[in-house]
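Here the structure is a predicted model, which is why all the values come from computation and not from measurement.
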Amino acid sequence: MTAPPAVSVKNLRIALPKGAERPFAVDGISLDLRPGKIVCVVGESGSGKSMCAHALMGLLPDTVTVTSGEIQFEGRDLLKLDDECWRDLRGRRLAMIFQEPMTALNPLMRIGDQMAEMFEAHGLLTPRERRAKALSLAREVGLPDPERIVRAYPHQLSGGQRQRAMIAMALALEPAVLVADEPTTALDVTTQAQILKLIRNLQRNRNMAVMFITHDFGVVADIADQVVVLRHGKVVEEGPASAVFNAPQHDYTKALLAAVPSMDPPARSPLDDQAKAVEVIGLDKTYVTSGGWFREDRRVDAARGVNFNILKGETLGLVGESGSGKSSVARLVMRLIEADRGTVRIGETDLTKLAGKALRAERPRIQMIFQDPFASLNPRRKVGHIVADGPIAAGTDPKVAFDRARDLLKMVGLDAGALERYPHEFSGGQRQRIGIARALALEPEIIVADEAVSALDVSVQAQVLRLLEDLKARLGLSMLFITHDLRVAAQLCDRIAVMQRGVIVELKPTAQLFAAPEHAYTRELLAAVPGQRERAPA
Amino acid sequence: QEPKAGGAINAVIQPEPPGLMLAMVQNGPVQMVSGNIFEGLLRYSPKLEPQPELAESWSVSEDAKTYTFKLRKGVTWHDGKPFTAADVLFSLEMLKQTHARARNNLAQVDKVEAPDDYTVVFTLKQPFGPFLGIFEVGSMPMVPKHLYESTDWKTNPYNNAPVGTGPFMFKEWQKGSFIRLVKNPNYYEKGKPYLDEIYWQIIPDAAARSVAYETGKVDVLPGGSVENFDVPRLSKLKDTCVTGAGWEFFSPLAWLWLNNRQGPLADKRVRQAVMFAIDREFAKDVIWNGLGKVATGPSASTIKYYTDDVPKYPYDPAKAKALLKEAGYKGEKIRLLPLAYGETWQRWGEAVKQNLQDVGMNIETIATDVAGGNQKIGDWDYDIAFTYLYQYGDPALGVGRNYVSSAIAKGQVFNNVEGYSNAEIDKLFAEGAVATPDSKRKEIYEKAQKILVEDVPVAWMLELQFPTIMRCKVKNLITTGIGVNDGFKDAWLDK
Amino acid sequence: MLSFVAQRVAKGVIVLLAIVVLNFFLIRLAPGDPAVVMAGEAGASDQIFVQQLREKFGLDKPLPEQLFIYVKGIVTLDLGFSFRQQAPVAKLIGERLPATLLLTLTAFAISLVLGILFGTFAARFAGTFLDTAITVFALIFYAMPIFWVALMSILLFSVTMDWLPSFGYETVGANLSGPAHVVDVARHLIMPAMTLGLFFMATYTRMTRASMLEVKRLDFVKTARAKGLSDAVIQRRHVLRNALLPVVTLAGVHSGTLIGGAVITETVFAWPGIGRLMYDALLQRDYNLLLGVFVICSAIVLIFNLITDLVYRLVDPRIEFST
Amino acid sequence: MKQFWKSMLRSPSGVIGLIILLLAISVALFGPMLFPNSPWRMVQRPFLPPFTLATVPLGTDALGRDVFAGMIFGARVSLLVGMVSTLVALVVGVPIGAMAGYFGGRVDDALMRFTEFFQTIPSFALAIVLVAILQPSIYSIVASIALVSWPPVARLVRGEVLSLRTREYVQAAVVTGQSNTWIILREILPNTLSPVIVLASLMVATAILLESSLAFLGLGDPNLISWGYMVGAGRTVIRQAWWITVFPGVAILISVLGLNLIGEGLNDALNPRLSREGR
Ligand SMILES: Nc1ncnc2c1ncn2[C@@H]1O[C@H](COP(=O)(O)OP(=O)(O)OP(=O)(O)O)[C@@H](O)[C@H]1O
Ligand SMILES: Nc1ncnc2c1ncn2[C@@H]1O[C@H](COP(=O)(O)OP(=O)(O)OP(=O)(O)O)[C@@H](O)[C@H]1O
Ligand SMILES: [Mg+2]
Ligand SMILES: [Mg+2]
């Protein structure tokens, strides 16, 4: 039989301020957190996950109000606590880990001091003991070289290390309940896997009740005991993890699960007989950050001897963890930055030899789709201009260009009225379609997509991927597809290149790579992909 | 009332003097402060009669060409060395090089001799009427030979701590704050000076200066150190005395340079129109708060041989308009250069501009600071420009220079800048300087005045009066025609 | 860090030299001739005399030669000779510099301390009456011309109330020493420093308030709250420290404005500093003195900037000692 | 645009500021039509206190000139100087900042050293010297104020451009083959507009203060009446005629205040975070 819940949320309803997209951020949610169990709260962006978490910590923003419900914890209703009691509970009995490890730590304080603050806040221990405790906590969460790290500032740590520090803080006073709001979303897969393991171990050892918020079903599959699916502030499905995964009841849950790309690459016919669309030979790029007159420069090798080619109609995937140099390669290929050495050839043209006007004339042949659908569209230009600007710059008659823009927008599934609207009037998925239309407007031979779907919710992501695949087939495009998500790569790419610290360590047809990874790094990467347990029934 | 000894006086000095070595720099403020430290051979009564100072007595030869001065005995420099005729000879040599006005004044001197330690004899090339008027401390300060002879005068350390024979000795100078003088205990006039100390306070802002007086921080506001607008208010304060005395020697006269060379003002009728157009009574009453006097011509009324028997120019805009019409003035632009000496002058510039515009002249005010204004005047690049000049007691010293054609020279900012050239006037002033006796000089100068006033080479405005404001407890501050610049040796405090 | 300072100093010297050369020509563009000004003041301006003065000060030499002589002097830390004041420029500036530094540093300290204090209050009680009052006052102070404030405060505090002296650096002739002297100078200092500082105080108040409200929204403040820290500690340790960074930057930028503002303050309050010296030198075309003041002011600004940079770098560990 | 006005009108400071500015501008534009008399004309006896005669409601100054007329004509000069010098400063500062930020490297280095150089000289001192050199006139005053106020613009624009340059939509423009000029003008500069406008509103305020400070020191255009001139001219008689300094002083205060409020309102309206939250 299950233990009595540590926290019990009943019929929680949180009202949004007037003018928001919907009246309630959270609309009558009930859920229980039990000691020693992890409850995963999933749902797409804006579904109210964070609101729940913040309500549990008493950290709701001033703009929202709790209109009804209760949160029972250790015999008290948290919603009725005064500030003093809250302060006592926070950190000591209830702890939280936030999504962004960089911004969640005070940049001006040493890590150790921020950890010691946990004790100070509750008047525990002497300053000296606090420091000692911080050190042992750092050791416990597996921070390397703890003596040094407690004296370091947040910016001197990597994302994973910062998140470990946050976890150490949260665990310092052995709370009964841990709330984790997307703690691994900002991390790359390998680091994510380590952090997930850490949380799970600690939670087991200390018998904590954990509320784990994520939008990644892979993560859910890895760690959840219990799953709660939210949509528009309402619980649409709830149950043990195995039940939800193997027999989803609600349509929304089913759709979400279906949208998760599979790790099995579909069968693809080889394209060996095609001509080379792009040829990359021996690209080197080293970033040198000047240290000033009397200091040594900082150097980062973002690309070292990168070689690959893409055949006509082929999609080449480029994967690797954060900072491995994927974007740098993309920008080198696009000639957005200059290579130190090496050649990029498009068909017969050597792009690296061109400059100025000549370069601009060749640019239409290779186009790019950007990661962030918000940042990649000029907020002050109408969509019609955004799409037509390129062709007009290339000499197309404006009228023709706009007509074509209309057609393209229709092709990517937007109506003609879109031409006259500004980017902010579109949703994320729609914006990414605009970005795709812009790339296609110049009728390129090659498209480079740098994390083109990473910023999108799974369901939207699936739509955009389908669109890309469809367009590629129809227009006979070649594509360099950059992602850190191996599932996505598996579904889309003919061949995959794995990158580590600026070097391509392995390049193989997709099926081959997944079936028999050769390089240790590739294996590590594959193992870290979350949610591989899902197929094994719980 | 019997003078009482002791006490300190706080006076305002404006602007801060650039130095205190009177033989080297001769600005107004330098004179005002170092008039206490240095002395001349003579000083002058309010009627401008010579009085003994370092010279005890003097005599003039029959032919008016030899002047013999007997020096006072027992005078010592502040460092204890005796003052003798050798110092006088040295001073004259030095001044010829460093003191432009002294050099001009001494141009008539053929030779100077010292038959003994206490006698100095000047021999002139020809009789020179105003000769006895050039020995005041500012015009001819005595310099200690033993400290300056065969040194580089420019870098002589005593420039920063001047040594004179005067009633007060230099003590300290906090740049930007104050200058402190202390009593000379060995002064040759027994019992004088009465004051123990003088503080010259440096306060750059006019409003702040009057506040300083009001709040009791200073006791004496020498003429010109507060804006005229403040004078009536300050005069009404308790225990405050005001005097216009002490300017007889300088007799500052304000006028407008009119560029006689070019443009509309080359026409005498336009110049006369300017005289008629300007409301000088208004300027006196409103801008100068009733102080001073409307000028009638090139000489101030305090100067020898002054006459008011000259053509008159009352405020008459209609007449001015008629004259302009007659002269065929068609609204050509006329540039007006006010004097950048503070608010009073600025207001005056604005009022004159308004007056002239009222009769249909097209006036554009050119803003410049003192240096820029000087440059424009010196280059004759102006149409109308304000100025005021000292008259030094005698038309031969302070008046003629502004009208004789020999004084025209590009690059300088006084002395016939207007470009007036009239052979008759040249002749009259040449004769007037050397003529004897007095009656003859009078005749010549009166004639000159009449001609000039008819011609209007410049537009005379006001005989200025710079009232000295002080607490009534300060007695005998001004006893000579040179006023505050002549040292505080007679002043005492009635506590 | 040492190398950082050395590098900044080296750059500063180059900037200073550029300033010297530019200003050398700039100043000479001004119409007016120092010799004529001096001759004019002496009441005699015949050609010989003016020419003598020119020769005496080397103004008759061709410009490039004058510049060469000047720069040669600068390199040996000799700022030249003031024509009008007949004294070495370095000495003249040296006499005035302490007063200006006292004035500007006091104004700076007052404005920074009070500005941060008020800004913190306003942010702390954002939306309340206190916040509105502080904001309104800050705006008004920000909008008042310095010279006007100066005039009004003299009227109020010196004339009407007779609390504070209206001019000068100390009571002349009082011959005070020790603590009495310090008190005396302080009494003279209050009004000019407040007048000069008011504008900056208002700026820092607004800046601190805005910055604190901004920082309050950041994630790490939420972390701090999740730790159960008390509000006071959060405000002081987490919000204020981070919020002060932009204020520090701004303060560094302000040093030039502060010294510029001193010209007016020193004029109105008869404060014997270099602002006034500069203005007089300009009016008298005392080239060397004017140039000297410019060089010194620019050097002070550079030093201020260096100090704020150092402070910034010490406070913010994210910035490394490079440029 | 509508969005902008809506958020602008929602902030009370913006509304007050706009009202003040509109008032000041209409006074500057239409006031002189209602007051055909020159403000220099001596119309009454000097030092007439305010509120004694209906024809000269705010009294007269030391020469008997109408203070009210001076205020109205002064609005023209003060606002004109404020706005024109700000415009000039923008015209100088924006391109320099944009080029430095966009091209980076040596161009950036050179332009920023140049900017720094102007920032190192105390700005008011430089303005004084410039006006003295060029001789005071409305042109030299505008030029000097502009010359000392462009560096912050350049720095701001550079900073913005530096961050915008790496934005994906700018890169998108690059890869679609648009020219540098077009990219700067179309993709980058419009997006620096909000902070520049906010800064400009504050610069107008500062320029008005600067002009008044110059006029206070006697470096104003002698043919044009301005508020700063009036305060400066009245300061010597402040004891017997407070109204000559107080009224124009208050006028400066209020218009600068208005511009600051507008700046605040603009900040609220144009700040992307705030307006996005509103959406
Ligand atoms: N401070 C706030 N003021 C007003 N509305 C807010 C605020 N924060 C969030 N909301 C709204 O509340 C709703 C729920 O937001 P919440 O942050 O809980 O979503 P989420 O599920 O955590 O999304 P994400 O995956 O993007 O983090 C959204 O509609 C959001 O726009
Ligand atoms: N402009 C730059 N200057 C200096 N270093 C840079 C620059 N851009 C990237 N780097 C560094 O080069 C390395 C490779 O960066 P890149 O952006 O290519 O990685 P990535 O694989 O795209 O990572 P992510 O998945 O996080 O996007 C990183 O260590 C990064 O810090
Ligand atoms: Mg969230
Ligand atoms: Mg990347």
Side-chain angles (χ1 to χ4, degrees), chain B residues 204-211 213-215 226-234 236-237 279 282-283 285-289 333 335-358 362-373 375-376 381, chain D residues 37-48 60-66 69-70 73 77 128-141 144 211 213-226 228-242 244-245:
Chain B
D205 187 61
R209 286 193 290 274
S210 56
V211 169
Y213 179 81
E214 253 176 291
T215 49
V226 293
E227 297 290 348
N228 284 303
F229 305 104
D230 258 350
V231 172
R233 189 173 58 84
L234 293 176
K236 282 193 216 100
L237 292 177
D279 189 350
F282 174 87
D285 291 340
V286 172
I287 297 167
W288 291 89
N289 274 294
K333 187 156 46 165
R335 294 161 298 166
L336 172 68
L337 222 64
L339 197 54
Y341 280 174
E343 298 299 324
T344 303
W345 291 92
Q346 237 179 327
R347 289 301 88 70
W348 202 0
E350 290 158 15
V352 162
K353 176 181 180 185
Q354 200 57 43
N355 280 155
L356 295 177
Q357 278 180 339
D358 283 346
N362 175 11
I363 304 291
E364 182 193 9
T365 305
I366 306 288
T368 61
D369 54 7
V370 177
Q375 166 120 359
K376 284 202 157 47
D381 179 20
Chain D
N37 255 349
S38 152
W40 299 105
R41 166 157 256 110
M42 303 161 235
V43 290
Q44 259 294 336
R45 78 177 164 79
F47 298 128
L48 188 75
T60 63
D61 73 355
L63 291 188
R65 300 175 296 207
D66 187 352
F73 280 79
V77 175
I128 292 177
V129 171
L130 285 172
V131 172
I133 287 171
L134 301 171
Q135 305 289 298
S137 75
I138 189 99
Y139 305 104
S140 68
I141 291 167
S144 311
E211 189 274 338
S213 293
L214 287 171
F216 176 81
L217 287 180
L219 294 171
D221 186 323
N223 296 298
L224 294 170
I225 211 155
S226 81
Y229 158 82
M230 292 175 77
V231 177
R235 81 177 190 279
T236 43
V237 290
I238 188 166
R239 305 300 310 287
Q240 56 264 53
W242 54 268
I244 306 178
T245 20

_Choice from E214(B), Q346(B), Q357(B) maximising heavy atom contacts with chain D below 4.5 Å_ =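 Between E214(B), Q346(B), Q357(B), the count favours E214(B).
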*Who wins among R347(B), E227(B), E364(B) for the most heavy-atom pairs under 4.5 Å with chain D?*
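Between R347(B), E227(B), E364(B), the count favours R347(B).
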_Nearest atoms (heavy-atom pairs only) where G220(D) meets A367(B)_ =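 Minimum heavy-atom contact is O-CB, 4.2 Å.
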_Atom group of P136(D) that falls short of 4.5 Å from chain B, counting heavy atoms_ =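 Backbone plus side chain of P136(D), per the 4.5 Å heavy-atom cut-off to chain B.
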Does a side-chain heavy-atom distance below 4.5 Å link [X] with [Y]?
X: R65(D); Y: E350(B); value: yes
X: N223(D); Y: K353(B); value: yes
X: M42(D); Y: F282(B); value: yes
X: R45(D); Y: V286(B); value: no

*Taking atom NZ of K376(B) and atom CD of Q135(D), what is their separation to the nearest 0.5 Å?*
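Nearest 0.5 Å value for the NZ-CD distance: 4.5 Å.
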*Residue among D61(D), L63(D), V237(D) with most heavy-atom pairs under 4.5 Å to chain B*: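 Option with the top pair count is L63(D).
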*In terms of heavy-atom proximity below 4.5 Å to chain D, should A351(B) be classed as side chain, backbone, both, or neither?*
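It is both, since atoms from each part get that close.
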